Amino acid sequence: MTNLVPPATVTRSPRRLWLPLALAALTLVTVPACGTEKTERAGADGPPSTHADTAGDRPGAAFTKMLDEVAHACPPSAAPEAPPTGPAEPSTPGPAEPSTPGPGETPLSDPIEPLAPTAGPEVELNARDWCAGVRHEQRIAEALWDLTDPAPTEVRTVVNDLGYIDERIHGLERSGTTTRFSLDLRDRGGRLCLNGSAAGEQTVVDMCVAPTTGPFTPAEQSAHQGPSPTP
């Protein structure tokens with residue numbers, strides 16, 4: 001008779017059971033940590049965020065910055081001085097030499113003296129606006145001289161490229177071969193504005209005076225009909 005021998009019972013050491021469990025737990029903890037580390041590293045090494053500072057990129061902020069740059073060498077704002085009440089003084093003091101009348105001419109008893117202006121940019125704009133206005137006239141006129149066909153869209157593009165925003169451009173319209181426009185440059189309580197006439201080398205840009213407050217209306221300006229700089 002054959003005696004059946006029961007299989008031997010294998011007894012596992014508690015230490016051997018603990019080691020696989022510890023390794024499994026360590027794997028579960030390490031894998032998420034690695035993923036988190038990769039995510040954080042990707043965020044640090046990746047491209048910068050496309051979210052821009054809205055305050056710095058606003059057209060109004062860029063426009064104000066341009067105005068400050070144009071007027072950086074100008075005196076601070078101050079109230080315009082009252083115009084003189086009498087005739088303008090001659091530029092060179094001293095007695096005027098009498099002119100010799102020509103044949104058939106009657107000599108004048110008293111010389112005609114020019115009168116000082118009582119209105120317009122010369123007397124209504126403060127020192128900062130007047131100084132900045134000369135610079136605005138120059139830079140805009142020079143930019144428009146190169147336009148052989150100054151259509152309104154082309155004029156707007158040139159003026160925009162100089163930093164003048166659409167909200168400050170008024171009355172842009174074409175008349176024959178000329179495109180006329182106005183610019184509202186009021187800033188820091190000033191009254192500066194510009195009237196422009198784009199016509200290639202015949203371009204004219206003049207300072208004007210806008211109301212202190214309220215909406216800008218080109219028809220309510222006091223214009224300065226001075227000569228524009230020549231190329």
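All values reported here derive from a predicted model rather than from experimental measurement. We use all heavy atoms of the structure for the numbers below, so side chains are in, but hydrogens, waters and symmetry mates are not.
- Counting heavy atoms from C-beta on, the side chains of Thr179 and Leu172 come closer than 4.5 Å.
- Sorted by first then second residue, the disulfide (SG to SG under 2.5 Å) pairs that include residues 136-167, not counting sequence neighbours, number zero.
- Within the structure, disulfide (SG to SG under 2.5 Å) pairs that include any residue of residues 153-186 do not occur (at least two apart or interchain).
- Contact record, Thr178 with Ser197: CG2-OG, 2.9 Å, taken as the closest heavy-atom pair.
- Of all heavy-atom pairs spanning Cys208 and Pro121, the tightest one is CA-CG, 4.0 Å.
- One distance of note links CG of Leu147 with CD of Glu201; it measures 12.0 Å at 0.5 Å rounding.
- Sorted by first and then second residue, the salt bridge (charged side-chain N to carboxylate O under 4.0 Å, His left out) pairs involving residues 59-74 (not counting sequence neighbours) are Asp68-Arg128, Asp68-Arg188.
- Evaluation of the side-chain hydrogen bond (donor to acceptor under 3.5 Å, both in side chains) rule for Asp184 yields Arg186 as partners, not counting sequence neighbours.
- Inter-residue side-chain proximity for Arg180 and Pro218 is flagged as unmet; no heavy-atom pair is nearer than 4.5 Å.
- Thr177 is linked by a side-chain contact (heavy atoms from CB on, under 4.5 Å) to nothing, counting only residues two or more places apart in sequence or in another chain.
- At least one side-chain heavy atom of Asn160 sits under 4.5 Å from a side-chain heavy atom of Ile169.
- Residues satisfying the ring-ring contact (aromatic ring centres under 6.0 Å, His included) criterion with Phe63, sequence neighbours excluded, are absent altogether.
- A ring pair (Phe, Tyr, Trp, His ring centres under 6.0 Å) check over residues 182-204, counting only residues at least two apart or in different chains, returns nothing.
- Of all the heavy atoms in Asp129 and Asn126, the pair that sits closest is N-OD1, 2.7 Å.
- Of all non-hydrogen atoms in Leu192 and Met207, the two that sit nearest each other are CD1-CG, 3.8 Å.
- In terms of heavy-atom proximity, Asn195 sits nearest to Ser182 at OD1-OG, 2.9 Å.
- Every pair passing salt bridge (charged side-chain N to carboxylate O under 4.0 Å, His left out) that includes a residue from residues 149-162 is listed here, sequence neighbours excluded: Asp149-Arg174, Arg156-Asp166.
- Side-chain contact between Leu185 and Cys193: absent, with no pair of heavy atoms (C-beta onward) separated by less than 4.5 Å.
- Identified under the ring pair (Phe, Tyr, Trp, His ring centres under 6.0 Å) test for residues 147-173, with sequence neighbours left out: His136-Tyr164, His170-Phe216.
- Met66 has its side chain within reach of Val70: a pair of non-hydrogen atoms, C-beta onward, lies under 4.5 Å apart.
- Annotation for Ala198 and Leu144: closest pair CB-CD1, 4.0 Å, computed over non-hydrogen atoms.
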